[in-house]
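All values derive from a computational prediction rather than experimental measurement. Residues: numbered from 1 along the sequence shown.
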Amino acid sequence: MLQFRRRLKKFQKLQIIGGIFIAITVPAIFLLVYYTGGSKFAYAHTMYIPIILSGLLFGPWIGLIIGVVGGILLGPLMPLVISSGEAQLLINWLYRLLVFVIVGFLSGYASKSLRNSILKIQILSSHNQETNIPNTNYLTYIKEEDKPSRKTVVTVLVNNHNNIIDVLG
């Protein structure tokens, strides 16, 4: 559990740094697309970076929200060509919005599913499935704490486990 807590703290720090990065890059990409000529050019695809990152770090719903924000910034608020002021067609920016939303949601959903699967595998490999008591594999997940202390580990090996269950239930 100690290692899990440390990983959680690292992930929370990563979320803070990632959130700051996303908050800076979304408007920066809007300005990049604007000053490079509009949404007609390939620079608009850089909006996928903060959308996918927000889904990976914060889950499917935040990924979806950042997808909506990116779709609106590069949709009705962004002309197709800046120099002529030509506006985008409605279907053009709605399609971009839809793709951004789907990408943000799916990246968050995949990331959340992967994290849950890893946690489930760690629990299954380090605990007895019938009693939910930690087994010897659990010792690999325990790391030494900052302060050295004495610990005692006791293991019990039960022979004929299946026979005991058959008799006692």
**OP:** Output all residues satisfying side chain to side chain contact (heavy atoms under 4.5 Å, CB included) with Leu124, sequence neighbours left out; order by chain, then residue number.
**Re:** Lys120, Gln129
Give every donor-acceptor pair under 3.5 Å between a side-chain atom in residues 42-52 and any protein atom, sequence neighbours left out.
unit_1 : atom_1 : unit_2 : atom_2 : d
Thr46  : OG1    : Tyr43  : O      : 2.7

Subject >> side chain to side chain contact (heavy atoms under 4.5 Å, CB included) against Leu31, all qualifying residues, sequence neighbours excluded >> reply: Tyr35
Subject >> Residue list, ring-ring contact (aromatic ring centres under 6.0 Å, His included) with Phe105, at least two apart or on another chain >> reply: Trp61
Subject >> From Gln15 atom CD to Gln12 atom CD, the distance as rounded to the nearest 0.5 Å >> reply: 6.5 Å
Please list every donor-acceptor pair under 3.5 Å in which a side-chain atom of residues 78-90 meets a protein atom from a residue at least two apart or in another chain.
unit_1 : atom_1 : unit_2 : atom_2 : d
Ser84  : OG     : Glu86  : N      : 3.4
Gln88  : OE1    : Asn92  : ND2    : 3.4
Gln88  : OE1    : Arg96  : NH1    : 2.9
Gln88  : NE2    : Ser39  : OG     : 3.0
Gln88  : NE2    : Leu74  : O      : 2.8
Gln88  : NE2    : Gly75  : O      : 3.0
Gln88  : NE2    : Met78  : O      : 2.7

If you look only at distance, which donor and acceptor atoms sit under 3.5 Å apart when one is on a side chain in residues 18-28 and the other is two or more places apart or in another chain?
unit_1 : atom_1 : unit_2 : atom_2 : d
Thr25  : OG1    : Phe21  : O      : 2.9
Thr25  : OG1    : Ile22  : O      : 3.4

Original post:
With the 4.5 Å side-chain cut-off for hydrophobic clustering, are Tyr95 and Leu64 part of the same group?
Top reply: yes
Subject >> Flag, side chain of Ser111 to backbone of Gly108, donor-acceptor distance under 3.5 Å >> reply: no
Original post:
Any chain of hydrophobic side-chain contacts (each under 4.5 Å) joining Leu77 to Val33?
Top reply: yes
Subject >> Within one Ile-Leu-Val-Met-Phe-Trp-Tyr cluster: Ile66 and Leu14, side-chain cutoff 4.5 Å >> reply: yes
Original post:
Are Leu32 and Leu53 in one and the same hydrophobic cluster, where Ile, Leu, Val, Met, Phe, Trp and Tyr link if side-chain heavy atoms are under 4.5 Å apart?
Top reply: yes
Original post:
Do Leu106 and Leu98 belong together in a cluster built from hydrophobic side chains that touch within less than 4.5 Å?
Top reply: yes
Original post:
Which residue pairs satisfy the ring pair (Phe, Tyr, Trp, His ring centres under 6.0 Å) criterion with at least one member in residues 109-135, sequence neighbours excluded?
Top reply: His127-Tyr138
